[in-house]
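Below is one structure, written out as structure tokens, with a few remarks after it.
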Amino acid sequence: MSYQTVRSTCPHRPALGALVLLLCIPSSTTLAAGTLWGRSSTYLGGYVKPADTEEATYMPFMETVELHTKRLGVDGLSLHTGFWGLVDLMDRQDRYRATGDLTMLYLDYRVPSSGRLRFLDGLRFTAGRQFVALGPTVLEQLDGGKLHYLHRSGLELGLFGGVPTGTRFTDQAWSVDADSYDYGYNWVVGGRLGYVNLGWLAGGSSFVHRVYNDEVADNDLGFDLSYTPLSMIEIAGEGTLSLEAGRLKQVAARAAVHPHPSLSVNLGYRYASPDLWIPRVSIFAVFSEETYQEAHLDLRWRATRRLALDGSYGRRFYSQSDVADGQGGNRASLRAVYRLGNGGPGRAVGEVERLESPDNAANRVRLALALPVYLLRRTFRFIVETDLTVLDEPMRDERLAFNGGAFLEAPLIPSLSLLAGGSGGFSPLLKQAGSFIVRLNWDFGWFGGDAVEVRRGGGV
Amino acid sequence: MATKRYLLGLALLGLALPACSRLSAPSDRGSLIFSHAQHVEQAECGDCHGGVEQDRGGVAGKFIPGKSKCGECHEQELKTKCEMCHRGAKEGMRFVRPDRKLNFSHAAHLSRAKGSRGSKPTCTSCHPKGAKRAAVPGHGTCNTEVCHARTYAALRCSQCHQDMQRYREQTVAALEHGPGFKHTHGTLARQAGEACAQCHDQTFCAECHAATSPARASILFPEQVQRGFIHRGDFLTRHAVEASSAPQTCRKCHGQRHCRSCHALNGLAASVSDSLPGGRTRKAYHPAGWMSPGAAAFHGGRARQDIGRCASCHDQGGRSNCVGCHRVGGLGGNPHPPGWSWRDKSQQCRQNSMCTTCHPGGQGCR
């Protein structure tokens with residue numbers, strides 16, 4: 001419900017935000033399709049929480065932009081960037097009126113398969129602010145570089161290094177804790193040596209080394225393996241060993257079976273030591289060695305061309321029996337997705353979920369609809385979203401939480417669309433709250449249709 | 001009366017909407033009606049696709065003959081029977097030459113590639129003569145053992161595809177996002193991030209995983225009802241259950257200030273309930289018995305079970321509130337778990353800045 005804006009205690013951040021916001025709109029409106037591709041989204045939102053906190057009303061004006069181009073004059077070279085800016089039009093405290101950030105800005109060079117450097121075909125180098133997901137990292141966002149080489153035999157080598165941009169989502173818009181401890185890492189390096197043969201075998205070994213204030217924060221060794229003995233069966237596993245603690249940080253294993261083209265089954269197991277996710281330089285890293293495990297089963301049945309059903313069950317175990325009464329906890333969910341229209345973006349979604357923890361359990365029902373309506377020679381989209389949560393144990397004397405919303409998306413011209421709508425609800429923590437949003441979206445340079453499908457996660 | 005008229009108007013509008021609408025837009029792209037099998041009986045490939053054997057760049061539909069070429073045989077039909085070749089011509093649909101963004105050289109393939117029996121390949125090696133449709137050969141044709149099977153197996157998609165962003169995930173079954181993908185995609189990305197990058201830009205990852213964001217993904221993209229956004233709906237109500245159900249999950253993404261700032265704002269930071277100026281109430285976050293050894297809710301047991309939850313509020317380095325009681329000689333005693341071990345424990349106890357907070361000068365180090 002709430003706009004979880006991220007702000008820093010850095011005094012220059014508001015000025016940076018304003019600058020980004022000013023640059024966003026003109027830069028994104030002068031781009032020609034075909035030369036660049038990307039998306040520009042302009043939002044005006046409102047959020048009202050009729051409660052007793054001071055900062056309960058927001059009216060953020062936001063701009064998010066992503067740009068990609070391959071027209072840099074060098075074959076194989078491309079540039080990618082994403083940034084956002086925000087101004088809170090209702091900011092009462094006059095702190096952080098504007099904020100924003102550069103999400104990514106990196107150069108990507110893939111050695112082309114023809115030309116003078118074709119003997120290096122398979123080599124890729126990225127430099128700048130980027131994401132790295134390699135071995136035992138958790139999608140590290142860093143300012144640095146990454147080198148990746150994939151030989152035609154399937155052997156691959158990846159190395160990365162840089163300065164992480166900070167712990168993810170460290171702050172919130174209404175941060176009142178200006179003097180809290182900063183947990184940014186100073187630098188991180190890592191790599192992976194692996195082998196991939198699609199449809200048969202893939203695996204590798206990896207490492208990551210983080211240093212904070214000249215002290216080792218993490219020193220992890222990772223391993224992963226995926227084996228497909230038959231086309232309908234895949235067995236995979238991964239693990240991370242904390243070299244500092246001498247214990248396993250996490251292990252995951254699964255067997256994926258496809259007994260029928262329309263049926264997929266996953267049997268899996270996870271193990272984690274929660275304390276090892278705390279950097280080794282933290283005082284909290286030395287208080288616990290408890291573990292958490294889960295055995296789970298996931299199913300997907302494509303009942304028809306339009307209808308897909310997902311089911312998931314997990315049994316969780318906690319190593320300290322006195323907290324969980326030795327019972328562990330369950331999670332279970334059912335989800336149905338129905339495609340509406342002829343290959344378009346229409347979907348009807350129904351979800352039922354139960355999640356148990358040692359303290360409480362949440363039961364959730366969600367119904368959502370994105371209905372394409374062809375009207376006046378254009379495809380409009382009508383979106384309805386309802387979400388009900390019922391807690392087993394009351395929170396602030398209440399057990400029910402409900403959130404519902406309705407939106408309409410209208411195409412203005414090809415690639416330009418307007419979305420408007422609002423949502424509201426009640427919850428034990430927020431009591432009542434409501435919000436509205438107006439969004440002007442410009443997708444430029446996409447290839448259309450399936451391209452949006454893949455990029456935007458349009459699958460089931 | 002006026003209200004009734006408005007309601008009547010709205011009702012009529014509501015009824016009219018479905019009447020003049022359809023659930024899906026008709027396609028605005030036409031397609032060709034063409035049989036290669038019929039044409040190759042009367043012509044050679046080069047008669048219509050002249051110059052293809054010298055072509056070194058792409059297969060962007062540029063070798064589909066134009067009207068003038070077809071007109072050499074179909075002069076009359078060209079003037080009066082558009083629908084003979086163009087499906088959707090009557091509806092005004094346009095035929096758009098397909099561009100599948102492939103890195104492909106006909107010239108290289110015709111000169112270097114080996115045919116199925118070691119002979120020099122011809123057009124029909126990849127484009128069977130009897131094919132009813134004019135189609136780009138699929139993976140089955142390209143990924144034979146003597147051609148690109150290894151390239152495909154090594155996931156070197158970019159050797160043939162300029163990008164994969166125009167294909168549905170179902171196109172390559174091995175890359176399909178199966179059940180429970182929300183839980184497994186991190187593992188898969190760490191194993192084969194390059195495979196993800198074949199289809200997805202990093203901006204796609206950033207929608208959920210960027211260190212900063214103007215708002216939650218489910219707020220920014222309300223129309224994407226099928227995506228498994230973690231914090232959808234009233235996540236605030238569910239977050240405590242989610243956090244303690246899978247203890248390490250939140251910590252993977254969220255720093256301690258994220259939790260602490262919101263808990264403080266919403267009055268959850270105090271040990272006991274109290275009143276705030278303006279008639280507001282601050283409610284206790286910790287349950288009764290939190291500080292009573294032996295009680296079910298005693299903080300020692302809870303901390304062992306989910307230490308990340310404690311750290312989400314209390315991690316202020318040397319100023320953390322656990323230090324006061326649990327430092328060497330403090331009332332709280334030794335907080336390390338039984339059998340606790342660390343690499344070079346004794347040495348680190350004397351040198352690590354965090355250790356020396358409680359073990360000043362190496363006190364109590366073993």
Side-chain angles (χ1 to χ4, degrees), chain A residues 3 6 52 62 66 82 84 86 101 103 113 131 133 138-139 141 154 165 167-170 172 175 177 180-181 197-198 224 264 272 274-275 277 283-284 287-289 298 300 320 323 341-342 347 349 357 360 362 368 370 373-375 379 387 389 401 403 407 427 429 447 450-451 454 457 459, chain B residues 21-25 153-154 159 165-166 168-169 178-180 187 189-191 193 199 202-203 205-206 209-212 214-215 222-223 225-227 233-234 236-238 241 244-245 247-248 251-255 257-258 260-261 264-265 280 304-305 307-308 311 316-317 320 335 337 343 354:
Chain A
Y3 289 88
V6 180
D52 51 1
M62 302 180 277
E66 61 172 283
W84 61 270
L86 179 150
D101 202 4
T103 311
S113 53
F131 285 112
V138 181
L139 201 64
Q141 186 180 14
T165 56
T167 309
R168 227 168 289 160
F169 297 114
T170 297
Q172 299 214 30
S175 174
D177 183 29
S180 59
Y181 192 62
N197 188 337
L198 190 65
D224 57 81
S264 302
D275 66 295
W277 293 96
I283 213 156
F284 284 82
F287 291 166
S288 172
E289 288 186 349
D298 305 304
R300 174 171 298 161
Q320 195 177 8
V323 174
N342 296 326
R347 297 283 192 285
V349 181
S357 77
N360 204 342
V373 179
Y374 189 64
L375 185 68
T379 304
D387 203 316
T389 300
N403 184 246
F407 307 87
S427 114
L429 295 176
F447 311 108
D450 290 355
V454 170
Chain B
S21 66
R22 280 182 288 178
L23 275 181
S24 62
Q159 194 163 68
Q165 290 155 355
R166 58 180 24 248
R168 291 172 188 270
E169 65 189 57
T187 302
R190 287 193 289 275
Q191 280 182 4
C199 298
Q202 288 198 11
T203 44
C205 310
H209 292 286
T212 62
E223 77 281 14
V225 295
Q226 79 284 358
R227 283 180 69 177
D234 184 14
L236 199 60
T237 297
R238 301 194 305 274
V241 179
S244 56
S245 174
Q248 86 288 4
R251 188 75 191 182
K252 286 181 181 176
C253 291
H254 294 289
R257 278 205 298 249
H258 184 82
R260 180 176 174 163
S261 58
L265 181 74
R280 290 183 292 151
R304 292 258 195 273
Q305 197 264 332
I307 190 65
Q316 286 85 39
S320 302
R343 186 174 64 85
M354 283 297 161

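Lettering follows sequence order; numbering is per chain, from 1.
For B:Gln202 (side chain) and A:Phe131 (main-chain N/O), a donor-acceptor pair under 3.5 Å exists by modelled atom type. When atom types are taken as modelled, the side chain of A:Ser288 and the backbone of B:Arg304 share a donor-acceptor pair closer than 3.5 angstrom.
When heavy atoms are compared at a cutoff of 4.5 Å, A:Ser427 approaches chain B by way of both its backbone and its side chain. Heavy atoms closer than 4.5 Å to chain B are found in the side chain of A:Ala272, but not in its backbone. Residue contact with chain A, scored on non-hydrogen atoms closer than 4.5 Å, involves the side chain of B:Ser320 exclusively.
Residues B:Pro337 and A:Phe287 have side chains not in contact (no heavy-atom distance under 4.5 Å, counting atoms from C-beta outward). Between B:Arg238 and A:Asp387 there is a side-chain heavy-atom pair separated by less than 4.5 Å.
Residue A:Ala370 comes nearest to B:Val225 through the heavy atom pair CB-CG2, 3.8 Å, listed as atom of the first residue, atom of the second, then distance. Of all heavy-atom pairs between A:Gln141 and B:Ala210, the closest is OE1-C, 3.8 Å.
Side-chain N/O atoms of B:Ser244 and A:Ser357 include a donor and acceptor closer than 3.5 Å.
Rounding to the nearest 0.5 Å places CG of B:Asp234 at 6.5 Å from CG of A:Asn403.
Ranked by heavy-atom pairs shorter than 4.5 Å toward chain B, the options A:Gly82, A:Ala133, A:Gly154 are led by A:Ala133.
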